[in-house]
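The structure appears right after this line, and notes come after that.
Chain naming here is simple, since letters A, B, ... match the order of the sequence lines and numbering starts at 1 in each. All values below come from the heavy atoms of this structure, side chains included, with hydrogens, waters and symmetry mates left out. Note that the structure is a prediction, hence the values are computed from the model and not measured.
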2 protein chains.
Amino acid sequence: MKSIPKISETEWDLMKILWAKSPLTSQEIIEALEAQDPTWHPKTARTLLNRLVRKKAVSFQMEGRIYLYRPLVKQADCVKAVSQSFLERVFGGSLKPMLAHYVEHQKLSAEEIRELKRLLEERE
Amino acid sequence: MKSIPKISETEWDLMKILWAKSPLTSQEIIEALEAQDPTWHPKTARTLLNRLVRKKAVSFQMEGRIYLYRPLVKQADCVKAVSQSFLERVFGGSLKPMLAHYVEHQKLSAEEIRELKRLLEERE
DNA sequence: TGGACAGGATTACGCTGGTAATCCAGATTT
DNA sequence: AAATCTGGATTACCAGCGTAATCCTGTCCA
């Protein structure tokens, strides 16, 4: 399993766009970013795209004079990596305190709690 | 609520020591770190301690010629901050996919699953 | 008493990240 | 054709991080 490159916080925003739909042109990516946060600067987005390409998280292919970008790493793999390190660092690696924390601090509806329980039941 | 300073990954190691027990001398902190990972270099630990002091995550008080360090920020607050941003960034802010991910990827014993369910029941 | 040592302060240094601006070449507009 | 625009490439810049080494000063041992 090729080790997944480290995606920074801001780069995640970009990756999420590409994971949701790809390939996309830089223009489309930029629009998507601006849609969710108008303060995104196009130049910044391009820089990040480049960096993601350099760290092999994203590939591109020329389509005429413009590029089409697509993710090279799978979202599931990235999620797995950061989830693991997060759980480790913040909750000493054990799920129970983590779940305890979230159910305590996220205000959850009874319905949501039931859903979560159902989720666990499936695993039982 | 004073905004909590941003604690870096490595700094978390230090903070966890102090959260577990404080006040501690730098010597004690260094020993604790080396205990859990012998590659910790004392100088590095001191640097990090200083940085934590500078960013007001840790305070110290002179005890004779040495310092006693103690956390200035509460673990609960730090945990809350990073948990929030993690959930947001990686799972779009919703608990269910997150829990789904973890129960899928952490191999959990039936007992653990029961515990987690119990946890949810308490909240119901 | 002079040198070694301990503990804290200061300095170092290369890498990543956030945030852009500038440069350049082909496409488009006037 | 000259000027402009567009999209990508290159360059910029500073803060923070990981990782220490060096410096300074007071203390303790030989």
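Rounding to whole angstrom units, CZ of residue A:Arg65 and P of C:dT28 are separated by 7 Å. Rounded to an integer number of Å, the gap from B:Arg51 CZ to C:dA12 P is 14 Å. The CD1 atom of A:Ile30 sits 13 Å away from the P atom of C:dA20 (whole-angstrom rounding). A straight line from NZ of B:Lys43 to C1' of D:dT19 spans 13 Å, rounded to a whole angstrom. Atom pair B:Glu34:CD and D:dA20:P shows a separation of 12 Å (rounding to whole Å applied). Atom P of nucleotide C:dG7 and atom CG of B:Leu48 are separated by 18 Å, given to the nearest angstrom. Between B:Leu33 atom CG and D:dA20 atom C1' there is a gap of 15 Å when expressed in whole angstrom units. Atom CD of A:Gln61 and atom C1' of D:dG7 are 16 Å apart (whole Å).
Listed pair B:Tyr67 / C:dA9 meets the phosphate criterion, a side-chain N or O lying under 4.0 Å from OP1 or OP2. Of the side-chain N and O atoms in A:His41, none sit less than 4.0 angstrom from OP1 or OP2 of C:dG18. Considering only side-chain N and O atoms, A:Lys55 lies under 4.0 angstrom from the phosphate OP1 or OP2 of C:dG17. An OP1 or OP2 oxygen of D:dG18 is reached within less than 4.0 angstrom by no side-chain nitrogen or oxygen of B:Thr47. A close approach under 4.0 Å does not occur between any side-chain nitrogen or oxygen of A:Gln27 and OP1 or OP2 of D:dT6. Here A:Asn50 reaches the OP1 or OP2 of D:dA9: one of its side-chain N or O atoms lies under 4.0 Å away.
Each of B:Ile7 and A:Leu68 was assigned the nucleotide of DNA chain D with the nearest heavy atom; the assignment lying further toward the 5' end belongs to A:Leu68.
Candidate nucleotides C:dG8, D:dG18, D:dG8 were compared by shortest atom distance to the side chain of A:Arg46, and D:dG8 ranks first. Side-chain proximity of A:Glu9 to the nucleotides C:dA21, D:dG7, C:dG18 is greatest for C:dG18. Closest to the side chain of B:Thr44, out of C:dT19, C:dG17, D:dA20, is D:dA20. You'll find that the side chain of A:Ile66 is closest to D:dG8, out of D:dG8, D:dT19, C:dG17.
Interatomic distance, CZ of A:Arg70 versus NZ of A:Lys21, reported as 11.5 Å (0.5 Å rounding). The CD1 atom of A:Ile113 lies 9.0 Å from the NZ atom of A:Lys117; values are rounded to the nearest 0.5 Å.
A salt bridge is absent between A:Glu115 and A:Arg118: the closest approach of a Lys/Arg side-chain nitrogen to an acidic carboxylate oxygen does not fall below 4.0 angstrom. Classification of A:Glu112 and B:Lys96 as a salt-bridged pair fails, no side-chain N sitting under 4.0 Å from a carboxylate O.
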Could you please spell out the steps behind the salt bridge (charged side-chain N to carboxylate O under 4.0 Å, His left out) verdict for B:Lys55 and B:Glu11? CA-CA 11 Å; B:Lys55 62 171 76 169; B:Glu11 287 165 351; 2.9 Å; yes
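B:Thr25 comes within 4.0 angstrom of no nucleic acid atom, judged by non-hydrogen atoms across all strands.
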